[in-house]
Structure formats: C-alpha cells, structure tokens
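To start, the structure itself, in structure tokens.
A, B, ... follow the sequence lines: proteins, then strands. Residue 1 opens every chain.
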There are 2 protein chains.
Amino acid sequence: MSTQKYKTGAIRERNNENILAAAEQEFVLHGFKGTSMQAIADRAGVPKANIHYYFKNKGNLYRALLENILTTWNEVLSDINSDSDPARILSLFIRTKIRLSYTHPNASKIFAMEIIQGAPYLKDYISGAMRQWVREKTLVIQSWIDAGKIRAVDPTHLIFMIWSSTQHYADFETQVLEVTNKRQYEEDDILRIGDFLEDMILRGCGLTPPGRAAYLALVDDQAATTDSTGITEA
Amino acid sequence: MSTQKYKTGAIRERNNENILAAAEQEFVLHGFKGTSMQAIADRAGVPKANIHYYFKNKGNLYRALLENILTTWNEVLSDINSDSDPARILSLFIRTKIRLSYTHPNASKIFAMEIIQGAPYLKDYISGAMRQWVREKTLVIQSWIDAGKIRAVDPTHLIFMIWSSTQHYADFETQVLEVTNKRQYEEDDILRIGDFLEDMILRGCGLTPPGRAAYLALVDDQAATTDSTGITEA
DNA sequence: GTCTATAGCTGGATAGAC
DNA sequence: GTCTATCCAGCTATAGAC
C-alpha cells in the first residue's frame with residue numbers, strides 16, 4: 001500500500017540497493033558498531049534520515065545485508081548436488097566457492113566478522129539452516145566412504161577445510177596480496193588457486209583431480225544452458 | 001625515571017596486563033572502533049582515565065595488544081626450523097598452529113579482524129616481516145621440491161592453506177561449535193583436528209603423515225628439555 | 001517520500017583535586 | 001600514580017517542514 005501511483009517502487013528499489021551497497025563497504029571497513037549511519041548515507045548519497053525511513057534502524061539494515069549475502073550464496077551453491085561422482089562434485093564446489101570469494105569478497109568478509117564476533121545476528125541461522133546443510137552433506141560424503149569411492153576422512157572437517165581454504169582468499173585478501181606483492185587478483189590467479197586447492201584436497205580424499213579443463217567445460221555448458229532459458233533482465 | 005622508590009613497577013605491570021586482557025575481550029566482541037574505553041575500563045576494574053594515563057590513547061592500546069600477539073606467535077613458532085625432514089616439519093607446524101588457535105583464540109580473532117578490515121595498523125608488518133618470513137619458507141619448500149622430497153605444489157599457496165585451515169578453528173570457533181553442536185573444544189578435538197589436517201595436507205604433498213604419536217613424543221621431549229633448563233618463574 | 005534541524009546520549013580525551 | 005568531574009565531538013534516532 002504505497003502512496004504513489006506506480007513505478008515509484010523502482011526509485012525505492014534503486015535507493016535500497018545504493019544504501020545496501022554503501023553499507024557493505026562501511027561495515028567491512030569499520031565493523032557493525034564502528035560504522036556510522038552518517039558514513040553510509042554519505043557514501044550512498046542520501047540524507048541520513050532516509051536510511052532510517054527505509055530500514056528503521058541500524059540493526060535492520062545490517063540484518064537486510066546479511067540476508068542478501070546468504071541468499072546470494074544459496075542461489076549459487078544450490079546448483080551443486082546430485083552428481084554421484086565425488087571428484088566432480090568436490091571440484092565444482094571448491095572452484096565455485098573460490099569464484100564467489102573473488103566476485104563477492106565483501107560479502108565473505110562481513111560474514112566472517114559476524115562469526116568472529118560471536119555471531120550475534122546469525123546464531124539462529126548457524127544452529128538451524130547451516131547445521132542442517134552440513135548434516136546433509138556429511139551424510140552424502142559418508143555414503144561415498146561406505147561405498148569405497150573416497151578415502152575415510154572426517155566429512156565435517158573436510159567441509160570446514162574447503163570453507164576455510166577457499167574463503168581465505170576473500171577474507172585475508174589484504175594479507176595475500178601484500179605477501180605476494182600483487183595489486184589485485186586476476187582471472188589467472190583464481191584459476192591457479194582452484195588448481196592448487198582441488199589438487200590438494202582431492203588427493204587427500206584419495207581422488208584424481210579432474211583439473212581445470214574439466215571445470216571450464218562444465219561452466220561453459222551451464223552458461224550455454226542458462227542463456228537458452230531466455231533470461232532477459234537488463 | 002619513575003617517582004616511587006621501587007617495587008611499584010609491579011603494580012603498573014599488573015594493571016597493564018589487566019587492561020590488555022580486558023581490551024582483548026572487548027576488541028574481539030566489538031571491533032576496534034566499536035569498543036569503548038569505558039567498557040575496557042569497567043572490565044579491567046580501573047577508572048577510564050587510568051587507561052589513558054597508561055596508554056595515552058585508544059590506538060596505542062590497540063597497537064600494544066597487536067604487538068603482544070605477534071610476539072607470542074613468534075616465540076612459539078620460531079622453534080620450528082632446521083629439521084630437514086619435510087614430513088616432520090610440516091606436521092609440527094600444522095599441529096603447533098592448531099594448538100595456538102586453541103590456547104589463544106582471541107589473539108587469532110583480533111588479528112583476523114585487523115586483516116579483514118584492510119590491516120590499517122599492520123600493513124607495514126605484513127609487507128615487511130611477514131612477507132620476508134613467507135619468502136624464506138617458500139625457498140625451503142622449493143628446495144624440497146627440487147630435491148624430490150615432496151610433490152611439486154605451489155609453496156606460497158601451501159603456506160596459505162596451512163594458515164587458513166588451522167586458524168579457522170579459532171576464528172570461526174562459534175560456527176564450528178554451533179554446527180557440531182558442542183559447547184567448547186576439548187583436548188581430544190584438538191588432536192583429532194591435527195590428525196585430519198596433517199593427513200590431508202601431507203598426503204597432498206605426497207608425504208606419509210607421521211601421525212599423532214610422533215607429534216606427542218616430540219612435544220614431550222621438548223617439555224622435558226625445557227624443564228631441565230631450570231625455568232623457575234612462579 | 002524527502003530532507004533539515006535537533007533531541008538525547010555516549011564517545012575519547014583531559015584538567016585538576018587528592 | 002589515582003580518580004572524579006567535565007568538555008565537546010560524534011553517535012542514533014526522530015520531529016516536523018516541505
């Protein structure tokens with residue numbers, strides 16, 4: 001029940017996105033408590049009061065941002081399932097997570113800071129949906145072990161290892177770039193990291209790494225399929 | 001040139017430690033900007049003005065804390081060198097880092113948050129001492145590869161993998177405990193994490209993991225040696 | 001829906017009594 | 001060296017003109 005005729009929802013949405021994008025930057029740089037609504041407003045180019053009009057208070061804005069992040073991740077990662085070949089699934093999962101860290105580094109960083117500080121806003125999500133997700137995946141991995149498809153490694157720790165080693169390149173971006181004396185990641189860096197982590201982790205599982213070419217072929221296939229579904233958003 | 005006769009240095013030191021310990025807690029929970037001097041003072045049980053007397057300002061207090069952290073890490077990890085057996089060195093390094101994450105989780109978390117936020121206080125350290133440290137270690141690892149002692153894996157990424165997968169259990173403690181439905185880590189958890197990561201990473205390097213027993217024997221040896229040096233601090 | 005002005009409070013830091 | 005009282009800049013949030 002908005003007061004304007006039509007179309008104005010578009011302005012609201014655009015403002016919304018601007019504010020959320022600005023908030024993401026500020027929260028990464030200064031943390032939740034350390035970020036001021038004024039700084040977000042300045043970065044988004046709107047008066048401070050407007051943010052309160054849109055989101056009521058700082059906690060709601062932060063919550064909206066976290067939901068955005070989790071939604072994006074779920075959309076991308078939900079593609080990964082129902083292939084009975086462990087090597088292909090693990091490879092795809094590892095490389096997709098690395099690509100996510102590359103395309104959404106700030107999302108990963110905000111999530112990381114939230115967890116490090118004790119997950120005050122995400123405790124329910126972690127002990128609910130996330131725990132459930134891990135339970136399901138460990139059952140799949142355990143079934144691979146029982147079928148003799150992979151070595152007997154602890155499924156839960158395997159998931160933690162994939163999470164930590166991939167997210168590291170987003171969360172500790174500053175350290176990685178500074179230590180390796182680079183300005184920023186390039187496409188080739190992302191592929192090489194994928195090569196390395198796939199190689200290490202799959203060998204640890206007693207599997208033969210499918211390699212970079214197999215992944216690129218798979219992604220190209222998906223891209224072609226997605227195009228053919230006719231997504232036409234500008 | 002202090003104004004009191006003698007012994008008062010002990011009081012100052014005790015206060016200093018209390019303040020640093022309180023600051024560690026608060027900085028972990030709320031980040032640098034989000035932490036108030038009042039909160040630190042309350043937790044340390046001293047008037048706020050005393051902290052300013054001891055540390056002059058918030059930035060100095062934070063810097064002192066970071067220096068404390070880096071000193072502790074250097075002391076513990078500098079023991080690890082000069083063994084020409086890659087499997088033993090890597091195993092010891094992995095398990096020592098996990099133990100550090102267990103004994104000093106807050107130190108790891110503060111360091112992580114500092115890096116995630118762009119390392120405003122530690123950029124010099126990273127591009128200086130830390131980069132140098134990585135350079136040296138990669139040369140050692142590369143010499144192992146050249147000598148055919150381990151598989152040809154990227155030395156830098158190997159170091160990042162060990163860092164990320166071990167620190168994960170400190171930094172993401174909340175997530176790990178919540179997902180695995182545990183209250184806190186126990187001794188056995190630490191050993192099992194060591195078993196898992198040693199197994200995965202050393203196999204990835206084409207090495208045979210020495211295993212838990214080898215590590216425990218080594219640590220017991222060191223403890224005995226340390227005792228025999230006659231350290232008598234209360 | 002948008003923005004200015006401001007209330008009400010907490011922040012870091014210091015002056016000055018003890 | 002210690003602590004109380006206080007300054008003032010900056011904070012979140014809202015009231016109310018437009």
Side-chain angles (χ1 to χ4, degrees), chain A residues 1-66 117 120-121, chain B residues 1-66 110 113 117 120-121:
Chain A
M1 311 290 182
S2 78
T3 52
Q4 68 288 341
K5 320 287 163 164
Y6 62 110
K7 188 69 179 176
T8 319
I11 296 176
R12 188 189 181 104
E13 198 170 331
R14 210 176 55 82
N15 272 343
N16 234 288
E17 282 170 23
N18 280 345
I19 293 168
L20 283 169
E24 191 177 271
Q25 296 283 337
E26 290 297 324
F27 282 133
V28 164
L29 289 173
H30 307 115
F32 174 70
K33 278 203 165 185
T35 294
S36 76
M37 297 296 266
Q38 188 63 62
I40 298 173
D42 290 349
R43 192 184 281 269
V46 300
K48 184 173 62 162
N50 288 26
I51 303 183
H52 279 97
Y53 176 72
Y54 279 110
F55 293 94
K56 188 73 181 170
N57 59 45
K58 196 174 161 183
N60 279 351
L61 170 56
Y62 182 63
R63 240 183 296 269
L65 191 55
L66 288 176
Q117 299 190 4
Y121 284 82
Chain B
M1 311 291 179
S2 79
T3 51
Q4 69 289 338
K5 319 289 163 168
Y6 61 110
K7 190 66 179 176
T8 320
I11 295 177
R12 189 190 181 103
E13 197 170 334
R14 211 175 54 83
N15 272 344
N16 234 291
E17 281 169 23
N18 280 346
I19 292 167
L20 283 169
E24 190 177 271
Q25 297 283 335
E26 291 296 324
F27 282 132
V28 164
L29 289 173
H30 307 115
F32 174 69
K33 277 203 165 185
T35 294
S36 75
M37 298 295 268
Q38 188 62 63
I40 297 172
D42 291 349
R43 192 184 281 270
V46 301
K48 184 171 62 162
N50 287 27
I51 303 184
H52 279 99
Y53 175 74
Y54 280 109
F55 293 94
K56 188 75 180 167
N57 59 44
K58 196 173 159 183
N60 279 352
L61 171 55
Y62 181 64
R63 240 183 297 269
L65 192 54
L66 288 176
I110 286 172
M113 302 211 335
Q117 299 190 5
Y121 285 81

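Atom CE of A:Met37 is separated from atom C1' of C:dC3 by 15 Å (rounded to the nearest Å). Atom CG in B:Asn50 sits about 15 Å away from atom P in D:dA5, given to the nearest Å. To the nearest angstrom, C1' of C:dG12 lies 16 Å from CZ of B:Phe55. Spacing between atom CG of A:Asn57 and atom C1' of D:dA13 amounts to 9 Å, rounded to whole angstrom units. Note: CD1 (B:Ile40) to C1' (C:dG12) measures 11 Å, nearest angstrom. With rounding to whole Å, A:Tyr53 atom OH is found 15 Å from D:dA15 atom C1'. One interatomic measurement links the two molecules: CD of B:Gln38 to P of D:dT6, which rounds to 16 Å at whole-angstrom precision. As rounded to whole Å, 14 Å separates atom P of C:dT4 from atom CD1 of A:Ile51.
Residue B:Ala49 has its side chain nearest to D:dC3 when only C:dT4, D:dC3, C:dG12 are considered. Comparing D:dT12, C:dA15, C:dA13 against the side chain of B:Lys58 picks out C:dA13 as the nearest. Of the candidates D:dT14, C:dA13, D:dG1, D:dT14 carries the atom nearest the A:His52 side chain, counting heavy atoms from C-beta on.
Of the side-chain N and O atoms in B:Tyr54, one or more sit less than 4.0 angstrom from OP1 or OP2 of D:dT2.
Nearest-nucleotide positions on DNA chain D for B:Asn15 and B:Lys48 put B:Asn15 closer to the 5' end.
Panel note: side chain A:Asn57, backbone A:Asn60; a donor-acceptor pair is recorded below 3.5 Å. A donor-acceptor pair is defined here as one N or O able to donate and one able to accept, closer than 3.5 Å; such a pair exists between the side chain of B:Lys58 and the backbone of B:Thr35.
A 4.5 Å side-chain heavy-atom check between A:Asp42 and A:Gln38 finds at least one atom pair inside the cut-off. Within the 4.5 Å cutoff, the side chain of B:Val46 has no heavy atoms near those of the B:Ile40 side chain.
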